[in-house]
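Labels below follow one simple rule: chain letters A, B, ... track the order of the sequence lines, proteins then strands, and each chain is numbered from 1.
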Amino acid sequence: MTIVQVALDVPVDRLFDYLAPDADVADIGRCVHVSFGNRKCGGIILAISHASAIPHNKLKAVSFIDRDTPALSTSLLKLFEFCSSYYHHPIGQVIANGLPTLLRNPKHQATNQLQHNQEWVLTETGKNIGLEDISSRSKAKRNIFSKLLENGVITAETYQAMTPYVRKQLRELANLGWVAQQASSFQKLPFKVTSSFTPTTEQQHAIAKILAHTDTFTPWLLHGITGSGKTEIYLQIAATLLAQQKQVLVLVPEINLTPQLEAVFRQRFPTTLLVSLHSGLNHTERLQGWLHAQQGKAGIILGTRLAIFTPIPKLGLIIVDEEQDHSFKQQDGLRYSARDLAVYRARQANVPIILGSATPSLESYQLARSGRYQLLQLHTRAISQATLPTIRCIDTRTAPVSEGFSESILKALDQSLRQKQQSLVFINRRGYSPVLLCKSCNWIATCGRCSSRLVVHLRNQQLRCHYCGDRQSIMLTCPQCGDPDILPLGHGTQRIEATLTKQFPQANILRVDRDSIRQKTAWRTILNTIHRGEADILIGTQLLAKGHDFPNLGLVCVLNADSSLYSTDFRAEEHLFAQLMQVAGRAGRAHIHGTVLIQTEFPQHPLYQALTQQDYAAYAQVLLAARKAAYFPPFSYLAVLRAEAPELSEALTFLKQAADTATTTEEYDSIQLFDPVPAYMVRLKGLERAQLLIQAASRKRLQIFLDDWYQKIITLPVRGKLRWHLDVDPLTI
DNA sequence: AGCACGCCGACT
DNA sequence: GTCGGCGTGCTC
C-alpha cells in the first residue's frame with residue numbers, strides 16, 4: 001500500500017493521506033489533484049508512506065499527479081515547513097500562499113508548460129545592414145534594429161512586452177532575412193559590467209569585501225546614506241554571480257518600486273532573463289515567471305515579498321533593498337517577514353545576502369553591531385558633485401504658521417521657483433482635512449464602523465474613513481446640535497494643494513497621493529511629468545518619499561510630522577526617523593544643493609537633532625538604549641495573540657481563556673504573558689479587537705513556548721464571528 | 001475555508 | 001406542513 005501525504009489549502013495544520021499505488025519518493029514536491037470532502041482541489045505531496053493512521057476504508061485515491069511540472073525542491077519545501085512552524089500557520093496554507101495559484105488549479109494543467117521562449121537575433125545578412133538602410137520614416141523598425149545592434153538580442157521577455165504593432169515590425173524585419181528567431185537561453189552573451197561612473201573608494205571597498213565571500217552564507221548590512229550608490233553595489237555583485245551562472249534574488253518593498261529597479265537591472269544586464277514577481281501580475285504571468293525561475297532560466301528574480309517563495313535552483317545571491325521597510329512583513333493571513341525568511345534562505349543555500357538601507361531597522365543594526373551581520377557603511381554620495389542636503393528645523397512655537405505654512409517655508413518655495421528648481425512638500429495625510437468639527441458643540445465626525453475620525457475630501461464633498469474605506473456625503477449642519485458652523489480642522493494634501501495654488505498661481509503644482517494615482521497608469525505618467533520638469537511643486541505623502549530620483553529637486557519641506565513623535569507604537573520614532581531621512585534624501589541628489597525644512601514644535605527632540613546632523617548612528621544608539629530599558633526588540637522577542645469579534649468582551653474573553661491554557665512552569669520562566677487589552681484601534685470595520693502580548697528573552701524560548709501554546713489555542717471553542725490569529729515578530733503591538 | 005447536517009421560526 | 005436561518009463539526 002502506497003500512501004501520499006498531501007498539504008491542502010485548508011486552515012488545519014495537518015497533512016491528508018491518499019492512496020497512490022504508483023507513487024514513489026520522486027513524487028515528493030509534486031502537485032496532486034484530489035477530491036477533498038465533496039470538492040476537488042490541488043495540493044502538494046510532502047511525504048510518502050506505506051501505512052496510515054486513517055482507517056483504510058476512509059482513504060481516497062489521488063485523481064492525478066502532475067509529473068510534467070518539475071517537483072518542488074526539498075530546499076523550497078523546507079522553507080515552507082520552517083515558515084509554517086515559525087509563524088504557526090497551517091502548512092497547506094503556507095504553500096498555497098507561496099505558489100502561483102495556477103500551479104494547483106486542476107483546470108489549467110495545460111498552461112503549466114513553460115511557454116517556449118523565442119528570442120530574436122541578427123542574421124549574418126542582418127549584421128551587414130546599417131541603420132541607414134532602414135527608411136527613416138519607419139521609426140519603430142529603426143528603434144528595434146538599433147536595439148539589436150546595441151545588445152545583439154531581443155530577449156523573449158522584451159518581445160513579450162512589445163505592442164502588437166512593434167512585433168509586426170519585427171516580423172517584417174524577419175521577412176527581409178535580417179533577423180531570426182531562436183530558442184532563448186540563459187546568459188548566452190557577455191553583458192556589460194561597465195557603468196557610466198566609477199565607484200567611489202567606499203563603494204569599491206564594499207564591493208571587494210562582499211566579493212571575497214561569495215561562496216558562503218554571509219549576511220551583509222549595507223548601510224549607505226541616500227544617494228550613496230547602494231544600487232551600484234548590488235549591480236556589481238550581481239554581475240559577478242551572474243557570470244558564474246548563478247541566479248540572483250532581489251527583494252524590493254513595494255510594487256511601485258519594482259519597475260524602477262527592474263529598469264536598472266534590465267539595462268545593465270540586457271541579455272539576462274529577468275523575471276519580475278509582484279501582486280500586480282495576472283495568474284499566467286506569475287506562473288510563467290515562477291517557472292522560469294524554477295528551471296534556472298531566469299538569472300534575476302526581482303520582486304516584492306512574495307518573491308521570497310520562488311524556487312531558485314542556482315541561487316547565488318540575495319539582495320533585500322530598503323530592508324527596514326514594513327511592507328516586507330505581511331499583515332494578514334500568513335504574517336511572515338520576507339526579510340527574515342530571506343536570511344533563512346541565504347543560510348540554507350549557503351549564499352551571501354545583502355540587506356541595504358539608509359536607515360537600517362534596529363534589529364538588523366543591532367545584529368551588525370553584535371557581529372552577527374557584517375556592517376558596510378557608505379558615508380558619501382556617489383555623484384562627486386552631490387552634497388548632503390542642509391536640514392533645518394523651523395520652530396512652530398515661535399514662527400507663526402498660516403494655512404499650514406510658516407513664512408520661511410513659503411519664502412523658500414518662492415526662491416526655489418525663481419531658480420527653476422523643483423520642490424517637494426511632504427505631508428503624510430491624504431484628503432483635505434483630517435477632522436470635521438462643530439464649533440458650537442465640539443462634535444467630531446467619526447466612522448460608524450471604526451474608532452477613527454472621518455477625513456474631509458472636498459472632491460465629491462465626501463467624508464471618508466481611511467481605515468475601512470467607508471464614504472458618505474459631507475453634512476451641512478452638525479448632526480448633533482444642528483448648528484451650520486461646522487468646519488474642517490487641520491491639513492491634508494488636498495488642502496495644502498489648494499493653499500499653494502492660491503499662493504503660487506504661476507507654478508505647476510502636482511499632488512501625488514493614493515487618491516491621485518488610483519488609475520493603474522497614473523504612476524508612470526506622474527513620474528514622467530516630474531522628470532520632464534513640468535511640475536514645480538510636488539505635494540506628496542510617503543508614496544513619493546520612497547526610492548525615487550528627482551535630479552532637479554532642490555527643496556523638501558516637511559509640514560507636520562510631530563504627530564507620531566509621542567505615539568503609543570514603540571516603533572513609531574524609528575519609523576518617523578527613517579521616513580524623514582528618506583524624504584530628505586530626495587533633495588539635491590544630483591548637481592544641485594538640497595535644502596530640507598522641517599516644521600516642528602519640538603526642534604530639541606533627539607529625533608530632529610539627529611536628523612539635522614544626519615547622524616543615523618547617534619540616533620540608533622538613543623533608540624537602542626530606550627529599547628533595552630523597555631525590554632523591547634531587538635532585546636526581547638515578541639508575539640501577539642489578537643482576537644476580533646462584534647463585542648469587545650467576546651474578544652477579551654477568548655484571549656483570557658487562551659492565557660489560562662498557557663503553561664507557566666519554570667520551563668517557561670523567561671516568557672511573559674501580559675493581560676489581554678483592547679487594541680489601539682478598538683473598532684475596525686465593525687469589529688472590536690483585543691490583543692495579548694507575549695514577550696520572551698530569546699527567539700528560541702519564544703518558539704518552544706508558542707509551539708506548545710498554539711496547540712492548545714486551536715482546541716479552544718470559537719463562538720460566533722470571533723476570529724483570532726497569532727502574529728510572531730509583530731511590527732506593531 | 002467550504003460544505004453538510006441539524007434543529008427552530010415565518011411563510012406559499 | 002416547508003424554506004431557510006446560521007451553530008457545529010468534518011474533511012484523508
Side-chain angles (χ1 to χ4, degrees), chain A residues 1-25 27-66 72 77 80-81 83-84 87-108 283 306 309 330-336 641-647 649-651 653-654 657-658 661 685-688 710-727:
Chain A
M1 180 166 74
T2 308
I3 280 158
V4 289
Q5 302 189 305
V6 181
L8 295 170
D9 184 11
V10 284
V12 186
D13 198 2
R14 130 171 59 116
L15 300 176
F16 292 86
D17 293 356
Y18 284 88
L19 294 165
D22 66 333
D24 63 49
V25 287
D27 292 316
I28 292 174
R30 288 216 159 101
C31 182
V32 70
H33 300 159
V34 296
S35 72
F36 182 68
N38 51 4
R39 59 208 156 109
K40 302 236 172 280
C41 48
I44 301 293
I45 300 175
L46 290 193
I48 302 277
S49 84
H50 296 287
S52 172
I54 304 293
H56 192 271
N57 60 1
K58 280 200 160 183
L59 290 177
K60 293 180 185 172
V62 303
S63 26
F64 170 74
I65 297 177
D66 177 6
L72 303 182
L77 293 179
F80 286 137
E81 276 157 21
C83 193
S84 167
Y87 293 106
H88 299 279
H89 202 74
I91 181 69
Q93 293 197 308
V94 169
I95 292 177
N97 175 81
L99 296 182
T101 44
L102 278 186
L103 204 66
R104 288 177 300 117
N105 191 332
K107 280 180 228 146
H108 289 81
H283 294 207
L306 62 84
F309 297 113
Q330 183 143 299
Q331 295 292 0
D332 50 58
L334 169 60
R335 303 173 111 86
Y336 68 100
L641 181 66
R642 299 197 188 90
E644 59 179 36
E647 296 284 339
S649 59
E650 300 169 77
T653 305
F654 176 83
Q657 285 173 357
T661 67
K685 299 179 186 177
L687 294 171
E688 312 217 301
Y710 182 74
Q711 292 307 319
K712 292 174 176 155
I713 301 172
I714 56 178
T715 64
L716 290 176
V718 172
R719 262 183 277 286
K721 286 190 163 53
L722 186 131
R723 289 277 172 278
W724 65 271
H725 70 259
L726 190 59
D727 190 351

Does this structure show an ion pair linking A:Arg335 with A:Asp727, if we count only N-O contacts that are shorter than 4.0 Å? yes
To check you understand the geometry: which heavy-atom pair defines the closest contact between A:Tyr87 and A:Leu334, and what is its length? CB-CD1, 4.0 Å
Return the minimal non-hydrogen interatomic distance between A:Ile65 and A:Ala23, and the atom names on each side. CD1-CB, 4.2 Å
Look at the side-chain N and O atoms of A:Asn38 and state whether any lies under 4.0 Å from the OP1 or OP2 oxygen of B:dG2. no
What does A:Leu59 touch in the nucleic acid at a heavy-atom separation under 4.0 angstrom: a base, only the sugar-phosphate, or nothing? sugar-phosphate
Classify the ring geometry between A:Phe36 and A:Phe16 as parallel (under 30°), tilted (30 to 60°) or perpendicular (over 60°). perpendicular
Could you tell me the separation between the CZ atom of A:Phe36 and the C1' atom of B:dA4, rounded to a whole number of Å? 13 Å
To the nearest 0.5 Å, atom CG of A:Leu99 lies from atom CG of A:Leu72 at 5.5 Å
Check the side chains of A:Ser63 and A:His33 for a donor-acceptor pair under 3.5 angstrom, ignoring hydrogens and angles. no
Chain A reaches DNA chain C, atoms under 4.0 Å from its heavy atoms, from C:dT11 to C:dC12
Is A:Val6 touching bases, backbone alone, or none of the nucleic acid, heavy atoms closer than 4.0 Å? nothing
